[in-house]
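Scope of the values below: all heavy atoms of this structure, side chains included, with no hydrogens, waters or symmetry mates.
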Amino acid sequence: TAIDDYTLEKYGWPVKRRIYGEAILKLKKLGVKAVGMDVLLFEADKTDPASDKFFVDAVEKAGNVVGLVGVDQTTWGIQKPEEGPLKGLVKASALVAYPNVDITKDADGQVRRYNSFYPTRASTKSGSEGAEEFLSYSVAGLKDVKCWADCKNATLSSLGMAPYIVASGTPSLTVEQVNMSEVAFDRFERELNYRYIVSRRVNPAWNKDPDKKVISSFRHISIRDIIEDKLAPEERAALKGGITYIGSTATGAFDHVPSPFLPQLPGVEV
């Protein structure tokens with residue numbers, strides 16, 4: 001679900017939270033099972049608190065949205081909305097996660113590895129030398145999450161994994177244990193298997209120019225087209241029963257990550 005140039009032509013940048021809320025409600029009606037918000041929302045919109053409230057209410061109503069928290073890699077301090085209507089975002093979200101690529105980005109800017117859950121660290125507790133600590137939802141102090149009873153002892157999920165947990169209905173701890181059996185125990189780490197790129201027509205429901213295309217690994221569906229109900233049959237089919245991420249693909253308004261197939265790939269695809 002792309003915050004693309006076509007969307008910014010109408011709504012500007014930064015996008016008002018109300019727009020995200022409208023898109024989330026539309027996606028729910030389209031049958032999307034889980035939505036990953038690849039947008040860091042910590043600061044309240046002091047000029048338009050009603051927009052923040054509409055967004056949080058939409059997240060609560062949809063019941064399938066994964067929000068983001070920030071993690072200080074050194075202290076494990078958690079950053080989340082602390083004021084205004086956005087303060088209720090953690091509680092409204094189906095699950096919260098951390099951004100994927102901030103930990104494993106190499107010095108050359110490439111992201112070659114992926115952590116499905118937040119990596120462990122050597123224990124800081126006296127007498128526990130050699131032991132590993134897990135950043136669980138409990139340790140992170142995220143007691144407002146809807147899954148608290150089932151996930152308080154589970155490790156904080158990545159944004160790549162959390163929407164799958166929500167869509168599948170599988171408890172976080174169960175998914176974590178499966179991953180621990182498949183990858184290195186201390187980091188939940190595996191090589192990132194990039195999806196091959198495909199050329200697709202932009203805004204296929206109404207765009208008549210066959211040469212106007214986007215090259216991407218995953219399908220980009222414009223938020224504006226979603227809100228305005230201008231979706232092609234193949235877009236509706238892709239969304240129904242699926243998982244989607246809301247993230248920016250607009251020129252100059254997204255985190256660029258080099259990939260094996262494209263020199264600059266929107267971070268939301270990673």
Side-chain angles (χ1 to χ4, degrees), residues 1-68 81 84-86 88-89 92-95 159 162-163 166-167 200-209 212-214 216-255 266-269:
T1 301
I3 307 165
D4 54 4
D5 290 303
Y6 175 65
T7 298
L8 298 192
E9 282 177 10
K10 181 170 183 178
Y11 300 117
W13 181 263
V15 177
K16 285 287 186 181
R17 282 74 185 266
R18 173 177 289 275
I19 302 305
Y20 295 133
E22 290 179 9
I24 285 166
L25 294 177
K26 291 280 189 178
L27 290 167
K28 180 69 174 182
K29 289 182 179 179
L30 288 163
V32 171
K33 283 191 172 183
V35 178
M37 281 292 299
D38 193 19
V39 183
L40 291 167
L41 299 171
F42 299 140
E43 303 299 328
D45 186 340
K46 295 180 173 60
T47 65
D48 190 3
S51 180
D52 283 354
K53 185 178 187 307
F54 182 90
F55 168 65
V56 173
D57 288 347
V59 170
E60 175 74 38
K61 185 176 181 179
N64 64 352
V65 178
V66 174
L68 285 181
L86 276 186
L89 185 55
S93 301
L95 192 61
L159 184 60
V166 172
R200 301 180 181 89
R201 196 150 53 95
V202 178
N203 313 106
W206 54 267
N207 172 36
K208 304 303 181 183
D209 183 355
K212 192 174 182 181
K213 296 181 178 180
V214 63
S216 63
S217 54
F218 293 91
R219 184 187 300 273
H220 293 186
I221 302 178
S222 173
I223 277 189
R224 182 173 168 183
D225 281 346
I226 290 169
I227 292 174
E228 296 179 355
D229 293 318
K230 295 178 179 177
L231 297 179
E234 63 266 29
E235 292 179 307
R236 294 179 183 274
L239 290 168
K240 188 174 182 179
I243 292 170
T244 189
Y245 288 83
I246 294 178
S248 183
T249 64
T251 306
F254 68 89
D255 51 330
V268 62
E269 293 200 46

query = Should Glu234 and Arg200 be marked as a side-chain contact (heavy atoms from CB on, under 4.5 Å) after you check the CA-CA gap, both sets of side-chain angles, and the distance that decides it?
reply = CA-CA 11 Å; Glu234 63 266 29; Arg200 301 180 181 89; over 6 Å; no

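- In this view, Ala58 and Leu25 satisfy the side-chain contact (heavy atoms from CB on, under 4.5 Å) rule, not counting sequence neighbours.
- In this structure, CD1 on Ile221 lies 4.5 Å from CD on Glu235, to the nearest 0.5 angstrom.
- Annotation: ring pair (Phe, Tyr, Trp, His ring centres under 6.0 Å) contacts involving residues 12-51, sequence neighbours excluded, are absent.
- With sequence neighbours excluded, the residues forming a ring pair (Phe, Tyr, Trp, His ring centres under 6.0 Å) with Tyr6 are Trp206, listed by chain and number.
- Partners of Ala167 by side-chain contact (heavy atoms from CB on, under 4.5 Å), not counting sequence neighbours, listed by chain and number: Lys33, Ala34, Ile243.
- Side chains of Met37 and Leu68 form no contact here, defined as non-hydrogen atoms less than 4.5 Å apart.
- Note that CD of Glu9 is 8.5 Å distant from CG of Asp4, once rounded to the nearest 0.5 Å.
- Remark: Val56 engages Leu86, Leu89, Ala92 in a side-chain contact (heavy atoms from CB on, under 4.5 Å) (not counting sequence neighbours).
- For Glu60, the salt bridge (Lys or Arg N to Asp or Glu O under 4.0 Å) partners two or more places apart in sequence, or in a different chain, are Lys146.
- Contacts classified as salt bridge (Lys or Arg N to Asp or Glu O under 4.0 Å) and involving residues 222-233 (residues at least two apart or in different chains) are given here: Lys10-Glu228, Lys26-Asp229, Arg224-Glu228, Glu228-Lys230.
- Partners of Ala237 under the side-chain contact (heavy atoms from CB on, under 4.5 Å) rule, at least two apart in sequence or in another chain, do not exist in this structure.
- Judged by distance alone, with hydrogens and angles left aside, the side-chain atoms of Glu269 form no donor-acceptor pair with the main-chain N or O of Pro266 at under 3.5 Å.
- For the side chain to side chain contact (heavy atoms under 4.5 Å, CB included) criterion with Ser222, the lone passing option out of Thr249, Val202, Thr7 is Thr7.
- Listed by chain and number, the residues in a side chain to side chain donor-acceptor pair (under 3.5 Å) with Glu22 amount to none (sequence neighbours excluded).
- Although no hydrogens or angles enter the test, the distance criterion places a donor-acceptor pair under 3.5 Å between the side chain of Asn64 and the main chain of Val32.
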task = Run the numbers on Thr47 and Lys16 for side-chain contact (heavy atoms from CB on, under 4.5 Å), then give the verdict.
result = CA-CA 11 Å; Thr47 65; Lys16 285 287 186 181; 3.5 Å; yes

task = Assess whether side-chain contact (heavy atoms from CB on, under 4.5 Å) is satisfied between Ile223 and Val15, documenting all intermediate values.
result = CA-CA 11 Å; Ile223 277 189; Val15 177; over 6 Å; no

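- Listed by chain and number, the residues in a salt bridge (Lys or Arg N to Asp or Glu O under 4.0 Å) with Lys53 are Asp57 (sequence neighbours excluded).
- Note: Ile226 CD1 to Ile246 CD1 = 7.5 Å, rounded to the nearest 0.5 Å.
- Checking side-chain atoms of Thr1 against main-chain N and O of Thr244 turns up no donor-acceptor pair under 3.5 Å.
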task = Would you please test Val39 and Ile3 for side-chain contact (heavy atoms from CB on, under 4.5 Å) and show each step?
result = CA-CA 10 Å; Val39 183; Ile3 307 165; 4.2 Å; yes

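- Closest non-hydrogen pair, Ala162 versus Leu95, comes out as CB-CD2, 3.6 Å.
- With Asp45 contributing its side chain and Asp52 its backbone, the two residues share no donor-acceptor pair below 3.5 Å.
- Listed here is the closest heavy atom pair of Ala232 and Ala205: N-CB, 3.4 Å.
- Residues passing the salt bridge (Lys or Arg N to Asp or Glu O under 4.0 Å) test with Asp5: none are found, sequence neighbours excluded.
- The shortest distance between side-chain heavy atoms of Ile24 and Phe55 falls below 4.5 Å.
- For Lys29, there are no salt bridge (Lys or Arg N to Asp or Glu O under 4.0 Å) partners, not counting sequence neighbours.
- Scanning all heavy atoms of the two residues, the minimum distance from Arg219 to Ala238 falls at NE-CB, 3.8 Å.
- Nearest heavy-atom pair, Pro85 versus Pro49, reported as atom, atom and distance to 0.1 Å: CG-O, 3.5 Å.
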